[in-house]
Amino acid sequence: MQSKIGSLLEDELEARLVDETPLRASWNIPPGARVPILLEQADDDGALERQIIAARWGLLKPWNKEQREAFQWRTHNAQAETAGQKRTWKGPLTSRRCAVPAEAYYEWEKITEKDKRPYAIRPADGSMILFAGLWETWKQPEDEQLIVTFTILTGAAPDENAGGVLGELGRIHHRMPLAMSSEMASEWMNPVKLSEDAAQELLKRVYAGAYEVARGWEVQEVSNAVNTVANDSPELLDPVEPEVLF
DNA sequence: CCAGACGTTGTT
DNA sequence: GTCTGG
DNA sequence: CCAGACGTTGTT
DNA sequence: GTCTGG
């Protein structure tokens with residue numbers, strides 16, 4: 001995943017940067033990293049406000065006491081198909097929905113057991129992606145501090161014969177993160193507590209709209225420099241020429 | 001009732 | 001915390 | 001997600 | 001193999 005610095009996000013997302021923790025731009029964001037997420041909450045006066053908050057990618061379940069056990073599960077994604085039935089996602093789904101802004105994300109195509117090939121995926125028009133996410137708070141045992149964590153919902157990738165960018169997405173991977181239009185994101189982020197049924201319906205609509213959002217993306221093979229998290233520069237998004245075979 | 005799990009991706 | 005399994 | 005590490009007391 | 005770190 002790739003993300004802009006906080007101040008730029010404030011303008012672009014028309015939201016207030018709440019967490020003062022400096023959020024630097026990054027072009028290589030792994031699970032576990034802190035990145036800005038977008039959510040709606042009541043401000044000090046009780047008015048609904050759109051906020052940008054630094055959050056850890058990888059949802060930590062609030063009942064885990066030890067950091068070791070909290071970090072054990074891979075929770076950076078939640079399956080949209082079953083999220084409504086899973087204990088871990090139910091609470092967040094009814095009450096803590098967020099959007100995760102990104103300019104691009106990476107997907108790895110598995111070629112063989114050891115060979116994988118990274119692609120950068122982003123809106124062709126340079127706009128921001130708003131992934132559908134869920135957030136949660138976790139109390140750090142050492143200092144009782146609440147830290148915000150999040151996960152990104154995923155769905156089945158389109159059929160590889162779909163044609164166009166949807167076909168490309170399906171060809172390189174069988175899953176994809178669910179992105180939202182800005183209108184859908186506004187609905188999604190509304191912090192009203194939903195019933196489980198209503199939350200399920202809302203999620204279905206996000207899922208149903210995800211391919212249409214993805215239709216505006218482009219998929220470009222990039223250098224395997226992105227495989228090493230220490231590499232973090234805008235050049236990671238530069239396309240590499242596909243190998244000519246003859 | 002109490003005890004124990006609570007997840008995804010990808011691979012088989 | 002909340003659900004499932006026993 | 002991928003890359004890279006993984007370990008200590010006591011016994012041989 | 002599995003976990004940690006980034």
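Side chains are part of it too, since the values below use all heavy atoms of this structure and drop only hydrogens, waters and symmetry mates. Order of the sequence lines fixes the chain letters, A, B, ..., with proteins taken first and strands second; residue numbering starts at 1 for each chain.
- OP1 or OP2 of B:dG7 has not a single side-chain nitrogen or oxygen of A:Gln79 nearer than 4.0 Å.
- Rounded to whole Å, the separation between the P atoms of D:dC2 and B:dT12 comes to 15 Å.
- Under 4.0 angstrom from either OP1 or OP2 of B:dT8 there lies no side-chain N or O belonging to A:Thr154.
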Return the polar atom pairs (N/O with N/O) between nucleotides 2-6 of chain C and the protein under 3.5 Å, or none.
| residue | atom | partner | partner atom | Å |
| --- | --- | --- | --- | --- |
| C:dC3 | O2 | A:Arg87 | NH1 | 3.1 |
| C:dT4 | O4' | A:Arg87 | NH1 | 3.2 |

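- Comparing B:dG7 with D:dA3, their P atoms sit 28 Å apart, to the nearest whole Å.
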**Request:** Evaluate the salt bridge (charged side-chain N to carboxylate O under 4.0 Å, His left out) criterion for residues A:Arg16 and A:Glu10: first the C-alpha distance (whole Å), next the side-chain angles of each, then the deciding distance (0.1 Å), finally the verdict.
**Result:** CA-CA 6 Å; A:Arg16 186 167 69 89; A:Glu10 272 194 295; over 6 Å; no
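- Distances shown here put a side-chain N or O of A:Thr88 below 4.0 Å from the OP1 or OP2 atom of B:dG7.
- In summary, the side chains of A:Gln145 and A:Gln140 do not present any donor paired with an acceptor at a separation below 3.5 Å, with no hydrogens or angles considered.
- Distance OG1/A:Thr149 to NE2/A:His76: 13.5 Å, rounded to 0.5 Å.
- Nucleic acid contact class of A:Ala78 (heavy atoms, under 4.0 Å, all strands): sugar-phosphate only.
- Between A:Trp57 and A:Phe150, the angle of the ring planes stays under 30°, which puts this pair in the parallel group of the 30/60° scheme.
- Remark: the A:Gln79 side chain and the A:Glu81 side chain contain no N/O donor-acceptor pair separated by less than 3.5 Å.
- When each of A:Phe131, A:Trp27, A:Tyr119 is checked for a ring-ring contact (aromatic ring centres under 6.0 Å, His included) with A:Tyr105, only A:Phe131 meets the rule.
- A:Leu166 contributes atom CG, which lies 9.5 Å from atom CH2 of A:Trp217 (distance to the nearest 0.5 angstrom).
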If you restrict it to nitrogen or oxygen atoms, what contacts under 3.5 Å exist between nucleotides 1-5 of chain D and the protein, and what is each distance?
| residue | atom | partner | partner atom | Å |
| --- | --- | --- | --- | --- |
| D:dC1 | OP2 | A:Arg74 | NH1 | 3.2 |
| D:dC1 | OP2 | A:Arg74 | NH2 | 2.4 |
| D:dC2 | O3' | A:Asn227 | O | 3.3 |

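- As rounded to whole Å, 8 Å separates atom C1' of B:dC6 from atom CG of A:Asn64.
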**Request:** Would you write the dot-bracket representation of DNA chain B, where each base gets (, ), [, ], | or . depending on whether it forms a Watson-Crick or G-U pair under 3.5 Å and with which partner?
**Result:** ||||||......
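- Checked for salt-bridge contact, A:Arg205 and A:Glu187 meet the test: a charged N lies under 4.0 Å from a carboxylate O.
- For the 3.5 Å distance criterion, the side chains of A:Ser26 and A:Asp232 qualify, holding a donor opposite an acceptor.
- Note: CH2 (A:Trp63) to C1' (B:dG7) measures 10 Å, nearest angstrom.
- Rounded to a whole angstrom, the distance from the P atom of D:dC1 to that of B:dT9 is 8 Å.
- When the side chains of ILVMFWY residues are joined at heavy-atom separations under 4.5 Å, either directly or via intervening members, A:Leu237 and A:Val100 end up in two distinct hydrophobic clusters.
- Taking atom CG of residue A:Leu60 and atom P of nucleotide C:dG1, one finds them 17 Å apart after rounding to whole Å.
- Salt-bridge formation is not detected for the pair A:Glu109/A:Lys116: no Lys NZ or Arg NE/NH1/NH2 atom is positioned less than 4.0 Å from an Asp or Glu carboxylate oxygen.
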